[in-house]
Amino acid sequence: MLPGVGVFGTTATIQSFVPILKVCGFPVVALWGSENLDAQELATQLDIPFSTRKVDDVLLRKDVDLVVIGCPPHSQWFIAVKALGIGKHVLCSAPSGPMQLNAQHMVQAARYYPRLMSLMCYGLRFLPTIVKMKKMIEEGYLGNITICEVKVHYGGLPKEKYDWMCDEGMGGGVLNTIGSNIIDVITFLTKERAVRVHGMLKTYTKQTQNIKGIREITSDDFCTFQMELDKGACVTVTLNSHIPGQFVQEIVICGQKGRLIARGSDLYEQRLNATRESLIHFDPIKEEERYGISPKARTEIPSPYLKGLIHMIEAVKDAFEKEEERQNWQAEPVASASNFEDALYVQTVVDAIRKSNKTKQWTKVDVSVEEPEPNSNMLSDQMRRSTFSLQ
Ligand SMILES: *[C@@H]1O[C@H](CO)[C@@H](O)[C@H](O)[C@H]1NC(C)=O
Ligand SMILES: *[C@@H]1O[C@H](CO)[C@@H](O)[C@H](O)[C@H]1NC(C)=O
Ligand SMILES: *[C@@H]1O[C@H](CO)[C@@H](O)[C@H](O)[C@H]1NC(C)=O
């Protein structure tokens, strides 16, 4: 039997998650939004029986066992930590927060409640092309990995209103929103982590038709960074949101024997002795339509990410379905998902890249987390009692 789900947020991510969860058979019973009206409207639209702007009204419900969070990044850690403290499983959408510190709180809570599911939704890990790429790398197709090159091109419409995506402090910007997924998938594919990074972030569009006057966009719209990985590979990434048209994402992994290229949702290979690359995995586009995700949400989340999320939710479903008890789950189906520790690593790299952008120097990546102290348990006790509501 699948657990009841409470969803947090009114973002495009939540608008995509809900239909996917429902098709997979999860009962979605409650929705939280920071504004009553938004929450009500979206709940009606997505056919969810209950909506509220009070966090506890969802978390304390007996019929909610799994909490899915898709909020502006700065407000996610609080809900995640509180949900775990109350004994709910948590799926948190990426990026985990604006900074490393937020992810640290989440890691401490996840370590404190190891029996609860606490996963990050880095969908690319479940995209069939990436899964196949990883398998081929593990089977030695590339030999030792040398160079990873990633290019992401897209062009959003001019922003209509000032929201978290315009604000670096709330977790906006191409580095944090797209780059975090790339940092995660590189580690997933190569099993290597960054030791040193160098980065440059630019904000070329500071004002738009609707955002002008004293308010300025502070989040980066162009970013390029390099990483040196711990077993000798290097990575160079370009994230460019100034190229209107189709979303383009290319992940090239070169090894001593050849290379693999994930272009969108398709996979290509080229051996050293071959004169051209060949298509080895083709992903038809129809999947997202079948899951009833609204066209609007589909334009906001790039197709490879959405496909990945669909496969991830299916894996979560398998994890719960393999157990008789409603609250129990098996680790195996979701073994390849990112956990909060992975999110902490990613967020640490993001912070180091931001630092490098400021100092104009290579920056060391230092993932450290304080062990949960008795105090942090008190903190969650406090949180359990509080009636904090996020604005
Ligand atoms: C691959 O890497 C391993 C470990 O770094 C090294 O021992 C080995 O010689 C490398 N293989 C080649 C063909 O360079
Ligand atoms: C390239 O090398 C692989 C393995 O070494 C071999 O199986 C394949 O036939 C070669 N292809 C060409 C076009 O020579
Ligand atoms: C990147 O560095 C420049 C100064 O070199 C700074 O103006 C800008 O705010 C930095 N961007 C971010 C996102 O930290």
Side-chain angles (χ1 to χ4, degrees), residues 72-74 94-103 133-134 136-148 150 152 154 156 159 162-183 186-187 189-208 211 214-242 253-260 270-273 346-366:
H74 69 289
S96 59
M99 290 177 306
Q100 186 189 3
L101 184 66
N102 314 112
M133 203 173 184
K134 183 175 169 69
M136 290 175 79
I137 292 172
E138 277 172 355
E139 286 167 355
Y141 179 88
L142 293 181
N144 287 355
I145 295 172
T146 51
I147 301 156
C148 311
V150 181
V152 179
Y154 66 104
K159 302 211 169 67
Y162 196 91
D163 58 15
W164 68 271
M165 300 220 257
C166 304
D167 192 323
E168 203 214 344
M170 289 194 221
V174 289
L175 171 63
N176 201 37
T177 52
I178 303 279
S180 60
N181 286 278
I182 301 297
I183 294 164
I186 291 291
T187 290
L189 287 170
T190 63
K191 292 192 183 152
E192 296 189 47
R193 282 188 163 195
V195 265
R196 235 169 272 106
V197 297
H198 188 268
M200 178 175 74
L201 290 92
K202 297 284 182 192
T203 309
Y204 285 109
T205 309
K206 294 201 166 85
Q207 306 208 318
T208 66
I211 303 167
I214 41 170
R215 271 214 144 156
E216 270 200 348
I217 296 173
T218 59
S219 55
D220 48 301
D221 49 35
F222 174 79
C223 169
T224 165
F225 64 91
Q226 286 82 48
M227 306 194 280
E228 282 187 339
L229 305 186
D230 53 10
K231 294 192 202 93
C234 72
V235 184
T236 171
V237 179
T238 304
L239 311 171
N240 189 346
S241 72
H242 289 271
I253 311 257
C254 303
Q256 285 163 331
K257 296 188 196 161
R259 63 177 187 267
L260 288 168
Q270 186 166 9
R271 290 215 179 245
L272 281 190
N273 59 358
V346 169
Q347 219 61 45
T348 305
V349 175
V350 166
D351 275 13
I353 293 169
R354 288 197 187 113
K355 190 171 162 203
S356 163
N357 164 66
K358 293 225 165 80
T359 61
K360 314 279 179 214
Q361 274 165 12
W362 281 87
T363 305
K364 256 186 82 179
V365 174
D366 179 18

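Positions are given from 1 along the sequence. Remember, it's 1-based here, ligands and their atoms both numbered in the order they're listed.
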Would Lys360 count as a contact residue for ligand 3, given that I'm defining contact as a non-hydrogen atom of the residue lying under 4.0 Å from a ligand atom? yes

Would Glu168 count as a contact residue for ligand 3, given that I'm defining contact as a non-hydrogen atom of the residue lying under 4.0 Å from a ligand atom? yes

Ligand 1: which residues have a non-hydrogen atom closer than 4.0 Å? Asn144, Gln256

Within this structure, what is the [atom1]-[atom2] distance for the pair [X] and [Y], rounded to the nearest 0.5 Å?
X: Cys223; Y: Ile178; atom1: SG; atom2: CD1; answer: 11.0 Å
X: Lys355; Y: Trp362; atom1: NZ; atom2: CH2; answer: 14.5 Å
X: Ile353; Y: Met227; atom1: CD1; atom2: CE; answer: 6.5 Å

Where is the tightest heavy-atom contact between Asp351 and Met99, given as atom of each residue plus distance? OD1-CA, 3.8 Å

Which atoms of ligand 3 sit under 4.0 Å from any heavy atom of Lys358? 14 (O)

Provide the number and element of each atom of ligand 3 under 4.0 Å from a heavy atom of Leu201. 1 (C), 13 (C)

Side chain to side chain donor-acceptor pair (under 3.5 Å) filter on Gln361, not counting sequence neighbours, yields none

Side chain, backbone, both or neither: Met200 near ligand 3, heavy atoms under 4.0 Å: neither

Pairs satisfying side chain to side chain donor-acceptor pair (under 3.5 Å), at least one member in residues 224-237, at least two apart: Arg196-Glu228

May I have all residue pairs that pass side chain to side chain donor-acceptor pair (under 3.5 Å) and include part of residues 137-148, sequence neighbours excluded? Lys134-Glu138, Lys135-Glu139, Glu138-Lys191, Tyr141-Glu269

Please tell me whether Asn102 and His74 have a donor and an acceptor in their side chains that are separated by less than 3.5 angstrom. no

Compute the shortest N/O to N/O distance between Asp220 and ligand 3 and return yes if it is under 3.5 Å, no if not. no

Ring geometry between His242 and Tyr204 (parallel below 30°, tilted from 30 to 60°, perpendicular above 60°): perpendicular

